[in-house]
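One structure below.
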Amino acid sequence: MISSKTSFIALIGNPVSHSLSPIMQNAALQYLGLDLIYIAIPCKDEDLELVLNSLKKINCKGLNITIPHKEKVFNLCSEISPIANKLKAINTLKINSENEWSGTNTDVEGFIYPLKTLNLTKKESIVLGSGGAARSVIQGLINLNLSKISVISRNKSSVDELIKNFENQIELQGLLNNDIETQNLIENADLIVNTTPVGMKTPKHEMNVLPYGESFWKSLNSKTIVYDLIYNPAPTHLLKFSANKGCITIDGLQMLVAQGLKSLSFWTNGLEVPFHIMNDAIKNYL
Ligand code: NAP
């Protein structure tokens, strides 16, 4: 029951109306019996500083930060975790003992979650796309001790910058999607991760398409695990296509839930909720 003592956690972004975080986080807060609720607050760029400073002064216990503010909140935090600094993105904030914002990033742990039971040590991987999520994915693959990562992008400048960011930590190369070498890489890859939004259900995007087009995928075979970060639709067209080729497939829902579990643990100083509580809440909702 919401009472006069109830405090809250919020998602800040623009837009936020499509987000599944309130569904899974409220299910988790209810499971823990905490007097807290989770709400989504749309916030324009020009209002971000005012909104974050104001939330510090009322009963807000923590925040999730989403597009387009994941980088802009750096200036508004007095404490930033090493992983958020490395990824240049913050997705979770809480109030520290000095009543200031402390920021971290839970996307790497979220990404790794469904891969933990698979042995990927010394395996070869491909990452499609070179935006914000690709950074977390590369860090996750480094943590899992893969031997080689090839990042395939349509954007030369962002792929070059991404590669520079992880130099000397793993064998890493960047290629454009029309490079003929991509076919060999796909044929031999143990894991392919899609971090482009291609296949996502939005008014702007066509859902029944594959990243970089059909011909890009002609050498895909059943030994490859295909992981799509997109969670709506689940499965995406890419995952259906890959399953038809005999591949193991992973959708983005597990990552979404696992990063949410880690955020909740950050806000509550270590409380844990079973994965299925948040996962079932989303599945029942969709
Ligand atoms: P982002 O920073 O905008 O990066 C998107 C990347 O995809 C960029 O490299 C972009 O290239 C490329 N791209 C965009 N449209 C493309 C197209 N039509 N064809 C080929 N490449 C294209 O976005 P992000 O934050 O990394 O998120 C990417 C996706 O991951 C989204 O679908 C998001 O929902 C999903 N995601 C899921 C989770 C989860 O928990 N499951 C977490 C994070 C992100 P350009 O630079 O050339 O535009």
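Whatever order the structure lists them in is the order used to number ligands and atoms, beginning at 1. What's counted below: heavy atoms across the whole structure, side chains too, no hydrogens, waters or symmetry copies.
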* Asked: Does a sphere of radius 6.0 Å around CD in Glu272 hold more than 12 heavy atoms from other residues, nucleotides or ligands, not counting ones at 6.0 Å or beyond?
  -> no
* Asked: Quick one: nearest non-hydrogen protein atom to atom 31 (C) of ligand 1, plus distance?
  -> Met200 SD, 4.1 Å
* **Asp107 and Lys70, any side-chain heavy atoms less than 4.5 Å apart** => yes
* Asked: Do the ring planes of Phe275 and Tyr113 sit parallel (below 30°), tilted (30 to 60°) or perpendicular (above 60°)?
  -> parallel
* Counting each atom of ligand 1 from 1 as listed, which ones have a heavy atom of Ile230 under 4.0 Å away? -> 32 (O)
* To do: Would you mind listing which atoms of ligand 1 come within a distance below 4.0 Å of any non-hydrogen atom of Asn155?
  => 45 (P), 46 (O), 47 (O)
* Under 3.5 Å, N or O to N or O, is Gly252 touching ligand 1 that way? -> yes
* Measure the distance from atom 4 (O) of ligand 1 to every protein heavy atom, then report the residue, atom name and distance (to 0.1 Å) of the closest one. => Gly131 CA, 3.3 Å
* atom 14 (C) of ligand 1: which of Pro197, Ser158, Ala89, Ala234 has the nearest heavy atom? -> Pro197
* **Trace of the side chain to side chain donor-acceptor pair (under 3.5 Å) decision for Thr236 with Asp228** => CA-CA 8 Å; Thr236 54; Asp228 198 336; 2.7 Å; yes
* Taking atom types as modelled, is there a side-chain donor on Asn221 or Ser219 under 3.5 Å from an acceptor on the other? -> no
* Asked: Could any protein non-hydrogen atom be found less than 4.0 Å from atom 18 (N) of ligand 1?
  -> yes
* Which atoms of ligand 1 sit under 4.0 Å from any heavy atom of Thr195? -> 28 (C), 29 (C), 30 (O)
* To do: State whether a side-chain donor-acceptor pair under 3.5 Å links Lys61 with Asn59.
  => yes
* Any protein heavy atom sitting closer than 4.0 Å to atom 33 (C) of ligand 1? -> no
* **Exercise: do Asn143 and Gln139 side chains pair donor with acceptor under 3.5 Å** => yes
* Structure fact -> To the nearest 0.5 Å, atom CG of Asn279 lies from atom NE2 of His276 at 9.5 Å
* To do: Please indicate whether any nitrogen or oxygen in Arg154 is less than 3.5 Å from any nitrogen or oxygen in ligand 1.
  => yes
* **Phe111 near ligand 1 by a heavy-atom separation under 4.0 Å** => no
* Asked: When you measure from atom 44 (C) of ligand 1 to each heavy atom in Ser130, Gly213, Gly129, Ala133, which option holds the nearest one?
  -> Ala133
* Asked: Any side-chain heavy atom of Pro235 within less than 4.5 Å of one from Thr249?
  -> no
* **atom 35 (C) of ligand 1: nearest protein contact (heavy atom, Å)** => Leu229 CB, 4.1 Å
* Structure fact -> Within the 4.0 Å heavy-atom cut-off, what Val198 brings close to ligand 1 is side chain
* Asked: Starting from atom 42 (C) of ligand 1, which protein heavy atom do you reach first, and at what distance in Å?
  -> Met255 CE, 3.6 Å
* Asked: Any N or O on Gly132 sitting closer than 3.5 Å to an N or O of ligand 1?
  -> yes
* **pair Leu115-Leu191: side-chain heavy atoms closer than 4.5 Å** => yes
* For ligand 1, which atoms sit closer than 4.0 Å to a heavy atom of Tyr212? -> 20 (C)
* Is it true that Val226 and Leu229 fall in one hydrophobic cluster, defined by side-chain heavy atoms closer than 4.5 Å? -> no
* Any chance the side chains of Thr106 and Asn91 put a donor and an acceptor closer than 3.5 Å? -> yes
* Structure fact -> Checking heavy atoms under 4.0 Å, the part of Thr196 that sits near ligand 1 is both
* To do: Say whether Pro211 and ligand 1 are in contact under the criterion: heavy-atom distance to a ligand atom below 4.0 Å.
  => no
